[in-house]
Amino acid sequence: MTHVLEQAANVPSTGPLADALAVRHKLMDLTQASYEAALLPSDAGQVPADIRAALSCRMARICQQAGLTQHYANLLAGYGSDADPYQLAEPGNQPPANEIRLCAMVTYVDLVTQRPRDATKEDIQALKEAGIEESDIVRLAGLVAFVNYQLRVAAVLSVMGKDKVGEVK
């Protein structure tokens with residue numbers, strides 16, 4: 001079984017990296033299970049699947065991980081949503097409540113993806129003030145944590161899977 005992470009990182013189906021991942025199949029299976037829990041939870045709360053896909057695509061774009069960007073864009077398209085994850089939160093002067101929540105989520109996602117050390121309890125308070133319940137803040141934080149983990153592992157796997165220039169075969 002090929003996992004989302006292996007596909008996104010363009011891991012070859014044979015060779016040393018594929019062999020190493022096969023030995024670590026439990027880790028890859030757990031990563032896949034975490035993907036399903038983060039993106040397709042049984043209880044999505046007020047963070048529906050299409051918003052999860054859009055935010056995940058946004059994080060992948062920020063990190064310039066083409067494979068995961070494409071994966072999440074395809075997932076988003078599968079929901080029939082044409083939301084552009086980069087333009088996800090461009091509220092007008094007086095946005096409706098759902099846009100305020102979305103804007104707060106995007107701000108949080110961007111901060112934690114780009115500058116996680118700068119995140120503070122005030123950022124969580126901003127989510128609360130936007131009308132996001134604590135249980136949904138936990139769901140959002142879990143999504144952000146998982147996708148950022150996935151992005152870092154994909155980056156490493158992508159580099160490891162490339163042929164070295166000048167390597168003798």
Side-chain angles (χ1 to χ4, degrees), residues 2-11 28 30-158:
T2 303
H3 301 92
V4 167
L5 187 53
E6 291 171 273
Q7 290 174 339
N10 215 9
V11 173
M28 297 308 291
L30 289 171
T31 298
Q32 183 66 26
S34 295
Y35 165 86
E36 291 167 12
L39 274 295
L40 310 166
S42 58
D43 180 5
Q46 296 298 308
V47 188
D50 62 334
I51 296 299
R52 289 169 187 263
L55 292 171
S56 298
C57 187
R58 184 179 179 92
M59 288 181 268
R61 279 183 167 177
I62 288 169
C63 293
Q64 300 176 358
Q65 210 300 323
L68 285 172
T69 298
Q70 188 61 55
H71 171 78
Y72 286 121
N74 291 344
L75 185 62
L76 181 59
Y79 293 120
S81 178
D82 59 358
D84 178 352
Y86 251 11
Q87 303 300 321
L88 200 56
E90 296 285 337
N93 291 338
Q94 296 187 331
N98 65 336
E99 283 189 23
I100 291 170
R101 285 191 300 270
L102 186 58
C103 186
M105 284 191 269
V106 168
T107 299
Y108 176 77
V109 163
D110 288 358
L111 172 65
V112 176
T113 299
Q114 295 171 327
R115 299 179 323 279
R117 289 184 180 181
D118 293 345
T120 66
K121 63 183 178 183
E122 285 78 23
D123 299 303
I124 299 299
Q125 185 59 37
L127 291 169
K128 290 178 183 177
E129 290 171 6
I132 301 171
E133 296 179 19
E134 281 192 37
S135 58
D136 291 320
I137 292 171
V138 171
R139 288 178 179 100
L140 179 64
L143 175 70
V144 172
F146 172 73
V147 172
N148 277 282
Y149 155 78
Q150 188 184 43
L151 287 162
R152 276 134 186 91
V153 174
V156 170
L157 291 177
S158 293

Q) Okay, side chain of D50, backbone of Y79: is any donor-acceptor separation there less than 3.5 Å? A) no
Pairs under 3.5 angstrom only: tabulate donor-acceptor contacts from the side chains of residues 66-77 to other protein residues two or more places apart or in another chain.
unit_1	atom_1	unit_2	atom_2	d
T69	OG1	A60	O	3.3
T69	OG1	R61	N	3.3
T69	OG1	Q65	O	2.8
Q70	NE2	N74	OD1	2.8
H71	NE2	Y35	OH	2.6
Y72	OH	Q150	OE1	2.6
N74	ND2	Q70	O	3.4

Q. To the nearest 0.5 Å, what is the distance between CG (L140) and CD1 (I132)?
A. 6.5 Å
Q. Around atom CD of E122, are there more than 12 heavy atoms of other residues, nucleotides or ligands at under 6.0 Å?
A. yes
Q: For E133, look at atom CD and say whether over 12 heavy atoms of other residues, nucleotides or ligands are found less than 6.0 Å away.
A: no
Q. To the nearest 0.5 Å, how far apart are OG in S34 and CG in L143?
A. 12.0 Å
Q. Of the non-hydrogen atoms in C63 and R152, which two are nearest, and what is the gap between them?
A. SG-NH1, 4.4 Å
Q) Between the side chains of S56 and R52, does any donor sit under 3.5 Å from an acceptor? A) no
Q | Closest heavy-atom pair and its distance - V47, I51 | A | CG1-CG2, 4.4 Å
Q) So do Q32 and E36 actually touch side chain to side chain, heavy atoms under 4.5 Å? A) yes
Q | Shortest non-hydrogen separation from A104 to A126 and the atoms involved | A | CB-O, 4.4 Å
Q: Work out which heavy atom in A38 is nearest to a heavy atom in P41; give both atom names and the distance.
A: O-CD, 4.0 Å
Q: Begin with the C-alpha distance, continue with both residues' side-chain angles, and end with the deciding distance and a verdict on side-chain contact (heavy atoms from CB on, under 4.5 Å) for M59 and V112.
A: CA-CA 9 Å; M59 288 181 268; V112 176; over 6 Å; no
Q. About how many Å separate OG1 of T113 and CD1 of I62, when rounded to the nearest 0.5 Å?
A. 5.0 Å
Q. Does the side chain of T31 reach to within under 4.5 Å of the side chain of V153, using non-hydrogen atoms?
A. no
**Q.** Nearest-0.5 Å distance that lies between atom CD in Q125 and atom CG in L127
**A.** 9.0 Å
